[in-house]
Amino acid sequence: MASRTVKGLAVQLAVMQLFAQGLLFHPRKVEAEENPAKESEKSYAPSLDGEELILVRKSKTGEAIYQRKNPETGEYEPISIFDKENTKTHQYGANQRVFKRKFEELIQDPYIWEEMQKYYPVDSFKSEGEAMFFYEKYFNIIYDCGCGYAAAANFIFHIFEGKEEEFQEKFGFPMYSMTDKGIDFNYELMMLKFFNFLHLVTNDDRKAINDSMKKDILEYRLFQLIREDAPRLSKQDTSNWTDEDWDNWKKEEKAREGKIAYLSEKYKRAKNIYTNFGIEVNGTYGYLYIFLANHGVPINTSVKFGNKDHQVDDIIATGNFTLYPINQDGEVGEAKKEFGDHYMYITDIEEDGDIIVSSWGDMYLLDNSNASWTDSVVLQPSK
């Protein structure tokens, strides 16, 4: 969920004036003559659920670079995150919901695991089990407030379409990989990296993050203490125990009961302190320009408060709106319920003014005619 700031602050306006205005950069299509592959070197991938892909070449690091057949023109074009085929796998743009729904799959990704070890290494926890419990709660935070990070990932991936090798050189991981379900975009890693940059590098929000799951962690430790030690005696052969053995056991048991009582009391008093870790609606957009500058990708950022003149590639921030799902055939479904504050990425504006957006990895028609507020974040690559 987006977190709004007080509008009209003089310092914010001063910052905004430093940024360039205008339409967002649209990455050009890779022409057939650019990085050509000899016909004998081209490799056609098998069709995946009707999707036709062609292996154009291998990158310097051995990653496969594909193009996708445009069903309207019949031509092969660079992979786009906003190809309608991506709606089948809920990858029409990034989807923050997978941080909760596919935690076990994500945490097994070597790139994601490495990213978490930079800030929360396993050996900094009481056990590997506690580390995994923490990681899951951490990912739930991104699930809860990840719309802004998803929109940022959309912007980054969109400007690098057809530039897979440059993307990997800049960020150190591939844009996508091929699975038995088709193209799998690495949105989640980009979202995680940006989240970590904002809250662990820039804002130093470690305490707030820990406080947000304080009671949960104590509950986990208490449960582990009870579960791991309870069957201890029943598994031992006590038939030959001496009085000294029994006395030692009683001391250990008393100490254990004391730990449980102490931890139980601590758990009862503890609270999870909620913090909104969403990106604030302002001209810095979570200091994305610094995050990208660190990777050699300079951009300008600005915000238009109360904006009604939306453009393709704007990130729209709005509250109390309605979404209509659109499938890959362009069919519009039943209206979804009204939503609260949210970021979405504008992928198209039709002739009649209808706004098409990417949200939760799906394509929607946005109706914000009765929205309680609407702002636009404008991101532009700079030279």
Side-chain angles (χ1 to χ4, degrees), residues 1-7 9-20 94 96 99 106 111-121 124 134-135 137-157 159-160 167 170-173 186-214 273-303 305 315 317 341-343 345 375-382:
M1 180 179 292
S3 174
R4 304 202 69 203
T5 55
V6 179
K7 301 178 181 179
L9 294 176
V11 63
Q12 191 177 88
L13 291 175
V15 171
M16 287 170 56
Q17 291 176 359
L18 295 175
F19 301 123
Q96 68 272 24
F99 278 93
L106 291 179
Y111 287 106
I112 288 180
W113 179 261
E114 180 183 4
E115 176 68 14
M116 290 305 296
Q117 297 314 296
K118 291 179 183 177
Y119 303 99
Y120 295 102
S124 65
F134 176 90
Y135 298 155
K137 292 295 179 181
Y138 192 85
F139 281 22
N140 283 348
I141 293 175
I142 303 177
Y143 163 86
D144 287 334
C145 66
C147 57
Y149 305 96
N154 289 345
F155 167 74
I156 298 168
F157 275 70
I159 65 174
F160 277 94
F167 179 96
K170 298 290 188 183
F171 299 105
F173 63 94
N186 288 318
Y187 299 128
E188 298 81 14
L189 180 57
M190 185 65 75
M191 294 168 65
L192 178 62
K193 283 180 173 290
F194 183 32
F195 182 89
N196 288 347
F197 166 80
L198 177 58
H199 295 292
L200 301 180
V201 177
T202 304
N203 291 345
D204 191 17
D205 288 328
R206 284 178 179 267
K207 184 178 185 305
I209 290 171
N210 292 339
D211 287 346
S212 72
M213 59 180 87
K214 186 175 183 178
I273 302 175
Y274 174 77
T275 298
N276 184 355
F277 293 103
I279 299 175
E280 294 184 354
V281 184
N282 60 33
T284 71
Y285 197 66
Y287 302 102
L288 180 64
Y289 68 98
I290 299 178
F291 171 76
L292 289 178
N294 290 341
H295 293 280
V297 184
I299 68 166
N300 294 325
T301 66
S302 61
V303 62
F305 293 118
I315 294 175
D341 298 350
H342 191 52
Y343 281 115
Y345 195 98
D375 301 329
S376 292
V377 176
V378 180
L379 308 176
Q380 294 176 304
S382 62

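None of these values were measured; they are calculated from a predicted model.
- Annotation for K118: atom NZ counts as buried by contact number, over 12 foreign heavy atoms lying within 6.0 Å.
- In this structure, Y111 and L192 have side chains that are not in contact, with every pair of non-hydrogen atoms separated by 4.5 Å or more.
- The shortest distance between side-chain heavy atoms of W113 and L106 does not fall below 4.5 Å.
- Atoms CG and CZ, from L198 and F277 in turn, are 10.0 Å apart once rounded to the nearest 0.5 Å.
- The side-chain heavy atoms of F195 and I141, taken from C-beta on, include a pair separated by under 4.5 Å.
- Among all heavy-atom pairs drawn from G146 and M191, the shortest one is O-CE, 3.9 Å.
- Residues V378 and T301 form no side-chain contact, since every pair of their non-hydrogen atoms from C-beta on lies 4.5 Å or further apart.
- Contact of the N210 side chain with the K214 side chain is not registered, since no non-hydrogen atoms from C-beta on lie closer than 4.5 Å.
- Rounded to the nearest 0.5 Å, atoms OG1 (T284) and CD1 (I290) are 8.0 Å apart.
- Between the side chain of T202 and the main chain of F197, a donor-acceptor pair closer than 3.5 Å is present.
- Taking CZ of F173 as the start and CG of N186 as the end, the distance is 6.0 Å to the nearest 0.5 Å.
- Note that CD1 of I156 is 11.0 Å distant from NZ of K193, once rounded to the nearest 0.5 Å.
- In this structure, V281 and A317 approach most closely via the heavy-atom pair CG2-CB, 4.1 Å.
- Between P381 and I159, the closest heavy-atom pair is CG-CG2, 4.0 Å.
- The only member of D205, D204, T275 that meets side chain to side chain contact (heavy atoms under 4.5 Å, CB included) when paired with H199 is D205.
- Applying ring-ring contact (aromatic ring centres under 6.0 Å, His included) to F171 and the options F160, F194, F157 leaves one that passes, F160.
- A 4.5 Å side-chain heavy-atom check between S212 and I273 finds every atom pair outside the cut-off.
- Side-chain contact check for Y120 versus I209: some heavy-atom pair is nearer than 4.5 Å.
- Scanning all heavy atoms of the two residues, the minimum distance from G296 to K170 falls at O-NZ, 3.1 Å.
- Rounding to the nearest 0.5 Å gives a distance of 10.5 Å between CD of Q117 and CD of E115.
- With a 6.0 Å cutoff to the six-membered ring centre and a 45° limit on the axis angle, R206 does not count as a cation-pi contact of Y119.
- Here F139 and F99 bring their ring centres to under 6.0 angstrom of each other.
- The main-chain N or O of N203 is never found under 3.5 Å from a side-chain atom of Y287 such that the two would form a donor-acceptor pair.
- The ring-ring contact (aromatic ring centres under 6.0 Å, His included) test with Y343 singles out one residue from F155, Y149, Y285, and that residue is Y285.
- Side-chain polar atoms of N196 and Y138 form a donor-acceptor pair below 3.5 angstrom.
- Under the 3.5 Å distance criterion, the side-chain polar atoms of N276 are matched with a main-chain donor or acceptor of G278.
- Note: C147 SG to I142 CD1 = 12.5 Å, rounded to the nearest 0.5 Å.
- In this structure, A94 and A150 approach most closely via the heavy-atom pair CB-O, 3.6 Å.
- Across every non-hydrogen atom of S382 and I299, the tightest pair is OG-N, 3.6 Å.
- Counting only heavy atoms from C-beta outward, the side chains of Y135 and M116 approach each other to under 4.5 Å.
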